[in-house]
Structure formats: structure tokens, C-alpha cells
Amino acid sequence: MHTDENNKIVKAAQMILDSRHAVVFTGAGASTESGIPDFRSPGGIWDRFDQKAFDYSTFIQEEESRVLHWELFRSLGTSALPNPAHYAIGELCKSGFLKAVITQNIDGLHQRGGAPTNLVHELHGSMNNFTCLECRCKLVLDAVLELARASLVPECPECGGILKPDVVFFGESLPENALKQSVEESSLCDLFIVIGSTLAVYPAALLPEHALSKGAKLMIINLSGTPLDKNADLVIHDKAGKVMPRIATYLKNHPG
Ligand code: NAD
């Protein structure tokens, strides 16, 4: 590894060691190394799908939109596994270096990568659970995938209603509890670490600004630039799956 890269890893680890309450905030870039495409990188989801078809009212009203949604769910890779970034974040949570994981991701990979469920706040919901919009019955992803094998757009097995994943669509509010806890964590923290997010989706992208306004330090680990790079105390433009395990190894060897 180059000296400059090495220095940044040591600085990142030192910032975590010096912090009282460090939280991470992840976006789709934390899961690209698990084979799940992000939205805005070249070849990402918005290069293949028309964003306009993905709001809540279109999903409810148009069968065609539900067909597109199902094409997208299938392409999000329901068999994806956690990558080294998820495992490193999980390890840092368990060793107490990280106090919370605020995620915009809906893939559940932080929990499968070892982050304790009570520390993970899913701002945009989870695709592991579905609700029927008619009878409100709940189904887990595996049951819905079983139905999806026989049908392009699976329907509720109880009443034939529309099945919607418990994820936040454009035009829907964020889940109250996850939002409340994420705002609390952003107020409390003295170090806010952004991993794999363009910081372009609101209101989620307000959280790092909120943490900054409360005096927290900001670290950004992202392949491309973000609008908050200029406000950050440390920016690492590299892959999360390469950077996070190195930070975790350093902290294991220098526990403070
Ligand atoms: P985004 O697509 O706007 O940005 C992803 C960012 O991650 C980009 O800036 C890119 O440069 C960076 N990136 C890509 N691979 C990376 C890597 N290996 N290491 C570090 N950085 C990397 O994503 P966003 O900001 O999360 O906003 C998109 C919205 O889409 C979010 O609301 C999220 O819920 C949703 N989404 C979720 C998933 C998922 O659950 N895995 C996948 C796609 C989109």
C-alpha cells in the first residue's frame, strides 16, 4: 500500500480511537462489493431503469410499474452475501468502537455481517419483509420469492392483494422509529463516518449535515466525490471493502 493510503488508514483509525461516540452512515456503495449495484455509479440502477416508475403512487396504480419493481428486486441480488466492509463494520460494533450503523440500504447485509440488530437503523426499510396492501398480512422475503418463481408479479396468497416490500418508495415517509433513532445518533455522536453514499438522497443526506452542525467530526469513505467532501476532516476515495478491514485490523492491534 502507498504511504499516503497508509497514512489515511492510520488517521481514520486514530479518529475512531479518539472519539467518544462514533457512528457510521452507509449507502448503496457499501454493498456494491456484494454484487448489488448502486443507483448513481456508471452502470448503476438508474442507467437501466426509469426512476419515474419507482414512486409509491405509480406502484399502486400501474401493473407495468409493479413488473419493473419486480425486475429491480430480482436484480438487487437476493442471494447477495456480506462483503469485507460489512464484516469489518460488524466487528467494530461488537468491539464497541462503533455505537450505531445508520443505513440507507435495504439489503440486511449489516446484520448478516455481524452488526447487532439493535445498533442498525434502517432508514429506508428492509426488503426482507413484505406487507399485503389489502389485508395487511406480513410475509418474509423467502415466502415471497417462492411465489415469485411462479409469477412475474407475486400477489398476496391470502387475498390476492398487492404485495409491497417494507422499503421506502419515492413519495413515502421514512419509518418513524428508525428516523428518530438516526437523528438521535447524529446529535449524540462526535464522529460521523459516511461509507458509500453520494449524499444525494434526502432527508437521509441531512444527517451528516446535522452531525456537523452539532460539532461532530466527519469522515467520508467513498469511491467518488460528495458535496460534503469539503467539510470533512478526512476523505478517502477508495473501496469500502478495502479500507474498512484495514481500519479494523489497525484498531485490533492498537486497542487504545
Ligand atoms: P448512490 O448510488 O447514490 O451512491 C453510491 C455511492 O457509493 C457512489 O458515490 C459511489 O461512488 C460509491 N461507491 C460505489 N461502490 C463503492 C465501494 N465499493 N466503496 C465505496 N464507495 C462506493 O447510493 P446512496 O447514496 O445510497 O443513495 C441511493 C439510494 O438507493 C439509497 O436510498 C439506498 O436506499 C438505495 N439503494 C440501496 C441498495 C442496497 O440496499 N444495497 C442498492 C441500491 C440503492
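Predicted model, so just to flag it, every value in this text is computed and none were measured. Just so you know, these numbers use all the heavy atoms, side chains as well, and skip hydrogens, waters and symmetry mates. Numbering of ligands and ligand atoms starts at 1, following listing order.
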Near [X], which atoms of ligand 1 are under 4.0 Å from a heavy atom of that residue?
X: Asp107; value: 39 (C), 40 (O), 41 (N)
X: Pro37; value: 42 (C), 43 (C)
X: Gly27; value: 26 (O)
X: Gly196; value: 5 (C), 6 (C), 7 (O), 21 (N)
X: Gly29; value: 5 (C), 7 (O), 13 (N), 14 (C), 15 (N), 16 (C), 17 (C), 18 (N), 19 (N), 22 (C)
X: Ser224; value: 8 (C), 9 (O), 10 (C), 11 (O)
X: Glu33; value: 17 (C), 18 (N), 19 (N)

Who's closest to [atom] heavy-atom-wise, of [options]?
atom: atom 40 (O) of ligand 1; options: Leu109, Val168, Ile106; value: Ile106
atom: atom 24 (P) of ligand 1; options: Ala28, Pro42, Gly35, Ala30; value: Ala28
atom: atom 44 (C) of ligand 1; options: Tyr202, Phe39, Phe25, Phe170; value: Phe39
atom: atom 32 (O) of ligand 1; options: Gln104, His124, Glu122; value: His124
atom: atom 6 (C) of ligand 1; options: Thr26, Thr198, Ile36, Leu123; value: Thr198

Problem - ligand 1 contacted by Ile195 (non-hydrogen, < 4.0 Å) - result: no
Problem - Contact check, Ala204 vs ligand 1, heavy-atom distance below 4.0 Å - result: no
Heavy-atom contacts under 4.0 Å between [X] and ligand 1: side chain, backbone, both, or neither?
X: Val201; answer: side chain
X: Asp238; answer: backbone
X: Asn105; answer: both
X: Ser31; answer: side chain
X: Thr32; answer: side chain

Practice task
Examine Leu174 and Val23 and state if one hydrophobic cluster contains both, with Ile, Leu, Val, Met, Phe, Trp and Tyr joined whenever side-chain heavy atoms are less than 4.5 Å apart.
Solution key: yes
Handout entry: Leu123-Ile36 co-clustered via ILVMFWY side chain contacts under 4.5 Å
Key = no
Handout entry: Salt-bridge criterion met for Glu63 and Arg66 (N-O under 4.0 Å)
Key = yes
Is any side-chain heavy atom of [X] less than 4.5 Å from a side-chain heavy atom of [Y]?
X: Tyr250; Y: Val10; value: yes
X: Gln111; Y: Glu122; value: yes
X: Leu251; Y: Leu92; value: yes

Handout entry: ligand 1 N/O within reach of Ala200 N/O, cut-off under 3.5 Å
Key = no
Result block: side-chain N/O donor-acceptor pairs under 3.5 angstrom for residues 146-156, not counting sequence neighbours:
from: Glu146; atom 1: OE1; to: Arg149; atom 2: NH2; distance (Å): 2.9
from: Ser151; atom 1: OG; to: Val153; atom 2: N; distance (Å): 3.3
from: Ser151; atom 1: OG; to: Val153; atom 2: O; distance (Å): 3.0

Handout entry: Check: Thr226 main-chain N/O paired with Asp229 side-chain donor or acceptor under 3.5 Å
Key = yes
Practice task
Could you tell me whether the side chains of His86 and Glu33 share a donor-acceptor contact shorter than 3.5 Å?
Solution key: no
Handout entry: Asn6 and Thr3 side chains, donor-acceptor separation under 3.5 Å
Key = no
Exercise for the section: Would you verify whether the NZ or CZ of Lys164 falls within 45 degrees of the ring axis of Phe169 while also being under 6.0 Å from that six-membered ring's centre? Expected result: yes
Problem - Non-neighbouring partners of Asp238 that pass salt bridge (charged side-chain N to carboxylate O under 4.0 Å, His left out), sequence neighbours left out - result: Lys242
